[in-house]
2 protein chains.
Amino acid sequence: MTTELKPDMFAPECPTRQVPMRIGDKWTAMIVLCLEDGPRRFGELLVPLSAITKKVLAETLRAMERDGLVTRTEFPANPPHVEYALTPLGRSLLTLIDAARDWCAEHLPELTEARRAYTSSFSAASKIS
Amino acid sequence: MTTELKPDMFAPECPTRQVPMRIGDKWTAMIVLCLEDGPRRFGELLVPLSAITKKVLAETLRAMERDGLVTRTEFPANPPHVEYALTPLGRSLLTLIDAARDWCAEHLPELTEARRAYTSSFSAASKIS
DNA sequence: GGGTCTGGTTACCGCAACGAAACCGGCAGT
DNA sequence: ACTGCCGGTTTCGTTGCGGTAACCAGACCC
C-alpha cells in the first residue's frame, strides 16, 4: 500500500483547485467516454452528444487538447477530415469517470429521495437551484 | 464481482447529467473533507475555506443538506450555534473524492506540462481560458 | 455557377455561480 | 445602553460557461 501524498486542496495556490473538475464540466467526461473505443471524427462526436453545439464541442476539444487529454489529427485527404483520439493521460481518466458512475449507480436513488423529501417538506419556501 | 449497470450519461433525462459534478462545484468536495473528522460549526468551516464568503458557504451547505449529504443541527444553547455533519451518503463521497485526489497526485504533472507545452508553442495565437 | 458536406469561427446573449459588503436578530457581558 | 459574537440574509455587481444563429473556406458534384 503506497502511502501517497494527497494534494492539498486547501492551499489556494494548489492547481488541484483549478484542474480537478474540469473533468466535471458539462461535456469532458462524456467526450472521454465517446472516445473510449477509438478515434472519432468531429461529426461523429456531435451525434451522441445530442445537445452540444459545434461551438461548445470545438471549445471543449481545444481545452482537452491543451491539457493533453486528446490529440487532434487532420487528414488532408478527400474530403478532408479530422480525428480526435484519447491520449494515455485522457484514457487514465476513464477509471475516475467509472468511479463516479459507480457512485451514481449506487447512491443516486438516495440522493433523489433526499431531494424529493426536502423539497416536499418545504413546498413553498426554499428555492435552491 | 457484481456487474453493475452504469448510468446512461447520454440520456438527456438521466439525473447523472444534473448531479455528478455538483461534487465538482467549487466548494462541495472541500466541505466534505472538512467534515470528515466530525461535525463542524458554520464559523469553523469559514476558516479553512479561506476564500469562501458566508453567503456562498450558506448556499452550498443548503444545497448539500437538500441532497442529503449533510445534516444541520441547531443548538439553542448559549450562545446558540449550529453544527453541520456528514450523513452516510455524504461520507460515501469521500472515496470518490479520494480517487480524484489520487488521480491529480499522479497525473497533474503531465497535465501541467501539456498545458505549458501547448501555450508556449502557440505563444501569440490561442486564448483558451 | 449553385448546392452540399466537413469542420469549424464569429458575434451576441442569458443565466447561474461567485463574490464584496452591509445589515440583522438574539443573547451575553460590562 | 453599548459592544461584540454567531449565523446567517440582502443587495448589488461581476465573471464565465454554455447556447443560438449566422457565416466561412476548401473541395467535390452537377
Side-chain angles (χ1 to χ4, degrees), chain A residues 12 17-31 34-35 39-67 70-85 122 125-129, chain B residues 9 12 17-31 34-35 39-67 70-85 122 124-129:
Chain A
R17 294 284 292 277
Q18 318 293 345
V19 173
M21 296 304 180
R22 165 169 284 287
I23 308 155
D25 75 358
K26 203 167 178 182
W27 299 109
T28 300
M30 296 179 69
I31 291 175
C34 286
L35 294 176
R40 294 279 179 268
R41 299 173 49 182
F42 188 87
E44 291 174 325
L45 289 172
L46 279 176
V47 180
L49 308 170
S50 46
I52 204 172
T53 61
K54 289 197 265 181
K55 176 197 143 194
V56 175
L57 179 56
E59 282 175 355
T60 308
L61 286 170
R62 286 271 181 278
M64 292 174 73
E65 190 193 358
R66 180 189 70 159
D67 288 349
V70 300
T71 55
R72 201 187 99 107
T73 314
E74 289 187 38
F75 288 85
N78 221 355
H81 66 274
V82 181
E83 276 191 355
Y84 294 91
F122 307 92
S126 57
K127 268 195 173 180
I128 302 177
S129 67
Chain B
M9 289 182 72
R17 294 285 292 275
Q18 318 294 344
V19 173
M21 297 305 181
R22 165 170 285 289
I23 306 155
D25 76 357
K26 203 167 179 184
W27 300 108
T28 299
M30 295 179 69
I31 291 175
C34 286
L35 295 176
R40 293 281 180 267
R41 299 173 51 179
F42 189 87
E44 291 175 327
L45 289 172
L46 279 176
V47 180
L49 309 171
S50 48
I52 204 173
T53 61
K54 290 196 235 178
K55 177 194 146 196
V56 175
L57 179 56
E59 283 174 355
T60 308
L61 286 170
R62 287 267 181 280
M64 293 173 74
E65 190 193 358
R66 179 189 73 158
D67 288 348
V70 299
T71 55
R72 202 189 97 105
T73 313
E74 289 188 38
F75 289 85
N78 223 353
H81 67 274
V82 182
E83 275 192 353
Y84 293 90
F122 305 95
S126 56
K127 267 197 177 183
I128 302 176
S129 67

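Not measured: the values here are computed from a predicted model.
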Residue pairs involving residues 41-55 of chain A (criterion salt bridge (Lys or Arg N to Asp or Glu O under 4.0 Å); sequence neighbours excluded): Lys55(A)-Glu59(A)
For atom NE2 of His81(A) and atom P of dG7(C), their distance in whole Å: 7 Å
Table of protein N/O atoms under 3.5 Å from nucleotides 19-22 of chain D N/O atoms:
residue	atom	partner	partner atom	Å
dG19(D)	OP1	Lys26(A)	NZ	3.1
dG19(D)	OP2	Trp27(A)	NE1	3.3
dG19(D)	N7	Lys55(A)	NZ	2.9
dG19(D)	O6	Lys55(A)	NZ	2.1

Euclidean distance, atom CG of residue Leu46(A) to atom P of dG18(D) [Å, nearest integer]: 16 Å
Atom pair CZ/CG of Arg66(A) and Leu61(A) - distance to nearest 0.5 Å: 13.5 Å
Nearest-angstrom distance from the residue atom CZ of Arg40(B) to P of dG7(D): 14 Å
Touch class at under 4.0 angstrom, heavy-atom based, for Phe75(B) against every strand present: nothing
Distances under 3.5 Å only, N/O to N/O: pair up the protein atoms with those of nucleotides 26-30 of chain C.
residue	atom	partner	partner atom	Å
dC27(C)	O3'	Asn78(B)	OD1	3.0
dA28(C)	OP1	Asn78(B)	ND2	2.6
dA28(C)	O5'	Asn78(B)	OD1	3.2
dA28(C)	O5'	Asn78(B)	ND2	2.8

Short side-chain N/O contact from Arg62(B) to OP1 or OP2 of dT9(D), under 4.0 Å: yes
Partners passing side chain to side chain contact (heavy atoms under 4.5 Å, CB included) against Ala85(B) (at least two apart in sequence or in another chain): Pro39(B), Thr71(B)
Interatomic distance where CD belongs to Glu44(B) and P belongs to dG7(D) [whole Å]: 8 Å
Passing option when Trp27(B) is tested against Leu45(B), Leu57(B), Ile52(B) for side-chain contact (heavy atoms from CB on, under 4.5 Å): Ile52(B)
Arg41(A) side chain near dG7(C) phosphate (N/O to OP1/OP2, under 4.0 Å): yes
Shortest non-hydrogen contact between Tyr84(B) and Leu35(B), atoms and distance: O-CD2, 3.4 Å
Atom-pair distance (CG on Leu57(A); P on dC17(D)), nearest Å: 16 Å
Gap between atoms CG and C1', on Leu45(A) and dT6(C) respectively (whole Å): 14 Å
Short side-chain N/O contact to dG7(C) OP1/OP2 from Arg72(A), under 4.0 Å: no
side-chain hydrogen bond (donor to acceptor under 3.5 Å, both in side chains) partners of Arg72(B), counting only residues at least two apart: Glu74(B)
Spacing between Leu61(A) atom CG and dG18(D) atom C1', to the nearest angstrom: 15 Å
